[in-house]
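The block underneath contains the structure these notes are about, expressed in structure tokens.
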Amino acid sequence: MGGGFCRGKRKANLVARDMRNGNKQNVPELADWGNYMEAKRLKLLDQFHNSEVKRISNIFEGISIFVNGLTRPPADELKNLMAAHGGEFHMYQSSSTTHLIASNLPNVKIKNLGRVPIVKPSWIVDSIAMGKLLDFKRYLLYNNQSRTQPRLDFTVMQKTTGSKVPVQATSNGIAIPHEQTNMEVPSPRNQDHTEIENKSAIDNKGKGISKTAADPSFLQEFYQNSRLHLISTLCAEYKDLVNKLRETSDGHFPGKDKLIAKKAEGPRAFYPSFASVVMHIDMDCFFVSVALRKRPDLRGKPLAITHARNGRLANENSHRGAEFKLWEHLEPGEKVDIGDRDSMSEIASCSYEARKSGVRNGMFLGQAIKLCPDLKTQPYDFEGYKEVSNILYRTIASYTLDIEAVSCDEMYVDVTKLLKETGLTVEEWATHIRNEIMEATGCPCSTGFGANRLQARLATRKAKPAGQYYLQADDVESYMTDIPLSDLPGVGRVTLSKLSNLGLSTCGDVQMKSLSFIQALLGKKAGQTLKDQARGVDSRPLNFTHERKSISADVNYGIRFKKLEECYTFLQSLSDEVFNRMSAVNMTAKGLTLKLLVRAPEAPVNICWLNMHVAHGIYLYGEHNAGRDGSKV
DNA sequence: ATCCTCCCCTAC
DNA sequence: TAAGGTAGGGGAGGAT
Ligand SMILES: Nc1ccn([C@H]2C[C@H](O)[C@@H](COP(=O)(O)OP(=O)(O)OP(=O)(O)O)O2)c(=O)n1
Ligand SMILES: [Mg+2]
Ligand SMILES: [Mg+2]
């Protein structure tokens, strides 16, 4: 990485990775990222850069600063300045801290800070310039009420020489506060395609070539077809919806009120005051169920939702098909295993009939058809998913807002109060709500109940499809022993293989092992969690409100740059995208990471991967696991 | 002791 | 025609 200002700092990264061995290497053409920022350094500071610190004065005697996050000048420089002028410097808060130095602090953090004054870094610089300690009160970052939260400023640069990355992230709101910045307002997300874009789409179609990321409309088109993008987006939306409904609630729940009225006479269930009941609710094979509303003739058949039409072979116009075709032309010695020419179209959701043959969500179509030759497919219906999700959430919200949104087809609900107030038994409530959702959406769902979220979730698994189950406290112990470890949330492919290598396959097996044994295998936290889970214990509360910590955009599909210019064009769209999402939720940020993966030398097609990630708060890193689990990157 | 960076892993 | 996104928990190992 070039550029001193970025160096070693949490600022911006551009990394290329050899996918085969995981080595990191710099990308020379792109490493000039930091030069722009470097040019902005104060001349005053240059003398300390890369040199031994000499004591110049004692004006900061007794002052101990804690630098939080990104500052201008950066922490490096402040450290040198403090040392040169008799002060103490820390990168984190300690008991000796007298001043907190920050250019930009997220609200979350401010709340957590004690009485230490938050001071702009210019206090240090100006004091040195004046040769005496100035009154820090004139440099407070926030003057009590009016906080002007500085922003990460995405300034879109003109593409000129091609020697600069066309996007900068700067955090410069303090020295020159700018409520209204000169940020370019990006065009709306669903804008009409321009003539040029349309033309290029037609050209691509005409040539039978799939669009690549070099195409300016690639990103929007990709998003319109990516089900993973859709469910990620919806997930964030529903978490937000719950937040908003809770904020604006008048405490009035029509669904609940109707239930109370209906139950006015008749026996009421008794609930001990201490017992809380958690409900987990999840749509059955969600995408499939939405499709079946319009295709009742396919009910009862093995069915999968996927982009590909029926067929085992990857279409040669698809990326996978093209990859295979290219591979065929290699010399025998050059060939690496890229698998059969099966369709690598992913199955988003499959019916329970298909599951009987071993088909699973997330499986490639080619593999699934081998397991289940009768498998039918149906296309996606993004609007349908939104409609059903919306009804699901609105329906539950008419009973209670003690909801933790998990995804577009799933949530946890604390129904303790609801059951008490309505006098319904768990069974009565479950039947009622499942019927209501079925009637309103035409789609079946299942519900599970327990004393905590884990128990509720395991109960849903048992209930599926189209069922309900209450895992009662007395039954938990015996219920858990036979539960496969793979059923536990948080136990995925890697964890499962670690466990099964040691002959552990059920919760009962884990119960017999010591805590330290499991922790040595999985790590401290994961080990403790698993030991608890194996007994049905889960102390994590439901989180009804949610604060997003980061925003990121990744594309790991169809990236085949031939020229650096194409890479810049795509970076431009990615940064526009991240910026749009940030402005949409009015989020400010402290930093930015940018990542690039390049193809493994032996990979048959030049595909690379890009990620852009912006975080609000402390952590900011984008990550992807491409290149492992057999994918060809 | 606590934080940071760079990951790995998981869920939907 | 395919569309391998996204957010968060957490660990290893180094810095402070
Ligand atoms: N690898 C995956 C997993 C899920 N989904 C989408 C399609 C699913 O229909 C939806 C909900 O995921 P679930 O895990 O709830 O799975 P289903 O609803 O399909 O089935 P189940 O009845 O097991 O809940 O998310 C996906 O696109 N890709
Ligand atoms: Mg589901
Ligand atoms: Mg689900």
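Basis for what follows: all heavy atoms, side chains included, without hydrogens, waters or symmetry-related copies. Chain naming here is simple, since letters A, B, ... match the order of the sequence lines and numbering starts at 1 in each.
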Check: A/D532 main-chain N/O paired with A/D538 side-chain donor or acceptor under 3.5 Å
no

Quiz item: OP1, OP2 of B/dA11 versus side-chain N and O of A/R457: anything below 4.0 Å?
Solution: no

Per nearest nucleotide of DNA chain C, the residue lying toward the 5' end, A/H546 or A/G523, is A/H546

When rounded to whole Å, the CD to P distance for the pair A/E547 and C/dA7 reads 14 Å

Side-chain contact check for A/E221: nearest option of C/dA3, C/dT6, B/dT10 is C/dA3

A/T306-A/T377 side chain donor-acceptor pair, cut-off 3.5 Å:
no

Side-chain contact check for A/S550: nearest option of C/dA3, C/dG8, C/dG5 is C/dG8

Checking C/dG8, B/dT10, C/dT6 against the side chain of A/V494 (C-beta onward), the nearest is B/dT10

Between CD1 of A/I551 and C1' of C/dG5 the distance, given in whole Å, is 14 Å

Among C/dG4, C/dT6, C/dA7, the one nearest any side-chain atom of A/R548 is C/dA7

To the nearest 0.5 Å, atom NZ of A/K498 lies from atom CD1 of A/I518 at 11.5 Å

Per atom distances to the A/S232 side chain, the nearest of C/dG5, B/dT10, C/dG8 is C/dG5

With the side chain defined as heavy atoms from C-beta on, A/T495 is closest, among C/dA7, B/dT10, C/dG4, to B/dT10

A/I231 has its side chain closest, among C/dG10, C/dG4, B/dC12, to B/dC12

Closest of C/dG4, C/dT6, B/dC12 to the A/N556 side chain is C/dG4

Side-chain contact check for A/Y223: nearest option of C/dG4, C/dA3, C/dT6 is C/dT6

Taken to the nearest 0.5 Å, the spacing of A/C445 SG from A/K464 NZ works out to 8.0 Å

Closest to the side chain of A/H229, out of B/dC12, C/dG5, C/dA3, is C/dG5

| Distance below 4.0 Å between A/K498 side-chain N/O and B/dC9 OP1 or OP2 | no

* To do: Look only at the side chain of A/R581 and the backbone of A/S552, and say whether a donor-acceptor pair between them is shorter than 3.5 Å.
  => yes

